[in-house]
Chemist: 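Here it is: the structure, laid out below.
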Amino acid sequence: MPRGEATPWANFKRGALKWSRTLHIYLSLSAFAMLLFFAVTGVMLTHDNFGMGLPITTTAEHKLAASITRSHDQKAVVEAVRSAFGITLPMTQFTDDADQMEVSFAGPSKHTQVVIHRDTGVAEGSFENRGLVGILADLHKGAETGWAWRAVLDIVSVWIALSSITGFIMLLALPKRRQLGLIITVIGTLITLAAYVVYVPR
């Protein structure tokens, strides 16, 4: 091979480094807001939201039409409950017993339960709200957030994994920083494993 002509392996490494650098930069930038969000809310969750996510519970009562309370029409009952209490959250559970019905609704930071007594037509609602801190915590966990937000979490998780992998490829392509970078990677991994093995109850 003539002097100065790159080998196939050298071309491959050059191409891999170029694509890794490009992907690493733009994946990191596109996920910047979510990475920052996960970092902040992760600390909040670890410390029980610093006591700022305590639920506030209120109650209300309405009387529903007998034709609704004595029926077993789930759709009609749910619509009547929504109209009476002004509920917009998605329904999560419906229980239909002989003497009463229970309907639950939930969304980020909010949970509502309504008990409907068949004999009197009285519907008793209990509303729990954990405020903005509760919303942030549930968004972090993907709790009661719907399919679209959960899809965003899945996509961002893949973005983070790819960003980590491309960053590692870039490290391997830098001879002057490779050894120190690998040592730091191993140390960080060992510290994480040690924290789990030694301190996490099992």
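Nothing fancy with the numbering, it's 1 onward along the sequence. Note: hydrogens, waters and symmetry copies are ignored here, and every other heavy atom, side chains too, is used.
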Chemist: M170 and L27: same hydrophobic cluster, using ILVMFWY side-chain contacts below 4.5 Å?
Modeler: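 M170 and L27: separate clusters.
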Chemist: Do Q113 and E102 have side-chain N/O donor and acceptor atoms under 3.5 Å apart?
Modeler: yes
Chemist: Show your working on side-chain contact (heavy atoms from CB on, under 4.5 Å) between T59 and E124 and close with a plain yes or no.
Modeler: CA-CA 7 Å; T59 59; E124 301 171 341; over 6 Å; no
Chemist: Might you work through the side-chain contact (heavy atoms from CB on, under 4.5 Å) test for S104 and T112, ending with a clear yes or no?
Modeler: CA-CA 6 Å; S104 296; T112 297; over 6 Å; no
Chemist: Under 4.5 Å between side-chain heavy atoms, hopping through other hydrophobics if needed: is there a path connecting V200 to V197?
Modeler: yes
Chemist: So, the side chain of W149 versus the backbone of L139: is there a donor-acceptor pair under 3.5 Å, distance only?
Modeler: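 Here the side-chain-to-backbone pair exists.
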Chemist: Give me the one residue out of L172, L171, I165 that meets side-chain contact (heavy atoms from CB on, under 4.5 Å) with I169.
Modeler: I165
Chemist: Does H62 use its side chain to pair, donor to acceptor, with the backbone of A123 at less than 3.5 Å?
Modeler: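 Checked: no pair found.
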Chemist: Would you say the side chain of E61 lies within less than 4.5 Å of the side chain of V122, judging by non-hydrogen atoms?
Modeler: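 The answer is yes, as the side chains (C-beta and beyond) meet within the 4.5 Å cut-off.
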Chemist: What class does the angle between the rings of H140 and F37 fall in, given that below 30° is parallel, 30 to 60° is tilted and above 60° is perpendicular?
Modeler: tilted
Chemist: May I ask you to test the F85-V114 pair for a side-chain heavy-atom distance under 4.5 Å?
Modeler: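 A side-chain contact exists here, since the closest heavy-atom pair is under 4.5 Å.
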Chemist: Looking at every heavy atom in both T88 and R82, which two are closest together, and how far apart are they?
Modeler: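 Result for this residue pair: C-NH1, 3.5 Å.
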Chemist: Kindly compute the distance separating CG (L36) from CE (M34), expressed to the nearest 0.5 Å.
Modeler: 10.5 Å
Chemist: side-chain contact (heavy atoms from CB on, under 4.5 Å) for R130 and D138? Distances and angles first, verdict last.
Modeler: CA-CA 10 Å; R130 291 180 288 118; D138 285 348; 2.6 Å; yes
Chemist: Does F94 share a hydrophobic cluster with V81, counting links as ILVMFWY side-chain heavy atoms below 4.5 Å and allowing steps through other members?
Modeler: yes
Chemist: To the nearest 0.5 Å, what is the distance between CG (L89) and CZ (F127)?
Modeler: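 If we round to the nearest 0.5 Å, L89:CG and F127:CZ are 9.5 Å apart.
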Chemist: Where do S163 and S28 land on the side chain to side chain donor-acceptor pair (under 3.5 Å) test, with the steps shown first?
Modeler: CA-CA 6 Å; S163 180; S28 299; 2.9 Å; yes
Chemist: Ignoring hydrogens, what is the shortest heavy-atom contact between G188 and T192? Give both atom names and the distance.
Modeler: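 That would be O-OG1, 2.9 Å.
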Chemist: Just how far is it from atom CD1 of I135 to atom CG of N129, taken to the nearest 0.5 Å?
Modeler: 7.0 Å
Chemist: Give the minimum heavy-atom separation between A84 and L64, together with the two atoms involved.
Modeler: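 In terms of heavy atoms, the two residues are closest at CB-CD2, 3.9 Å.
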Chemist: Is there a path of hydrophobic side-chain contacts, each under 4.5 Å between heavy atoms of I/L/V/M/F/W/Y residues, joining V40 to V43?
Modeler: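 Same cluster: V43 reaches V40 through Ile, Leu, Val, Met, Phe, Trp or Tyr contacts under 4.5 Å.
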Chemist: Flag the pair D97 and R118 as a salt bridge only when some basic side-chain nitrogen lies within less than 4.0 angstrom of an acidic carboxylate oxygen.
Modeler: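 Result for this pair is no, no salt bridge flagged.
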Chemist: So with a 6.0 Å cut-off around OH of Y26, is the heavy-atom count from everything else above 12?
Modeler: no
Chemist: Indicate, with yes or no, if I68 and V115 share a hydrophobic cluster defined by side-chain heavy-atom contacts under 4.5 Å among Ile, Leu, Val, Met, Phe, Trp and Tyr.
Modeler: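 Cluster IDs for V115 and I68 differ.
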Chemist: Go through M101 and T95 one step at a time and tell me if the side-chain contact (heavy atoms from CB on, under 4.5 Å) criterion holds.
Modeler: CA-CA 6 Å; M101 292 175 283; T95 304; over 6 Å; no
Chemist: Working to the nearest 0.5 Å, report the span between OG of S30 and CD1 of I25.
Modeler: 12.0 Å
Chemist: Rounded to the nearest 0.5 Å, what separates atom OG in S109 from atom CD in E144?
Modeler: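 With rounding to 0.5 Å, OG (S109) is 11.5 Å from CD (E144).
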Chemist: Tell me whether the count of non-hydrogen atoms from other residues, nucleotides or ligands lying under 6.0 Å of CH2 in W159 goes above 12.
Modeler: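 Atom CH2 in W159 is not crowded, with 12 or fewer foreign heavy atoms closer than 6.0 Å.
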Chemist: Identify the two heavy atoms, one from P55 and one from E128, that lie closest to each other, and give their separation to 0.1 Å.
Modeler: CB-CG, 3.5 Å
Chemist: State the CD1-CG distance between I116 and D99, to the nearest 0.5 angstrom.
Modeler: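 If we round to the nearest 0.5 Å, I116:CD1 and D99:CG are 12.0 Å apart.
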Chemist: Has K63 got a side-chain atom pairing as donor or acceptor with T120's backbone, closer than 3.5 angstrom?
Modeler: yes
Chemist: Do H111 and F105 have ring centres separated by under 6.0 Å?
Modeler: no
Chemist: Verify the neighbour count for atom CZ of R177: are there more than 12 heavy atoms of other residues, nucleotides or ligands below 6.0 Å?
Modeler: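 Not buried by this count: 12 neighbours or fewer within 6.0 Å.
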Chemist: Closest heavy-atom contact between T69 and H117?
Modeler: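 Reported closest heavy-atom pair: CB-O, 4.3 Å.
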Chemist: Side chains of Q74 and E79: closer than 4.5 Å at any heavy-atom pair?
Modeler: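 Q74 vs E79: side chains apart.
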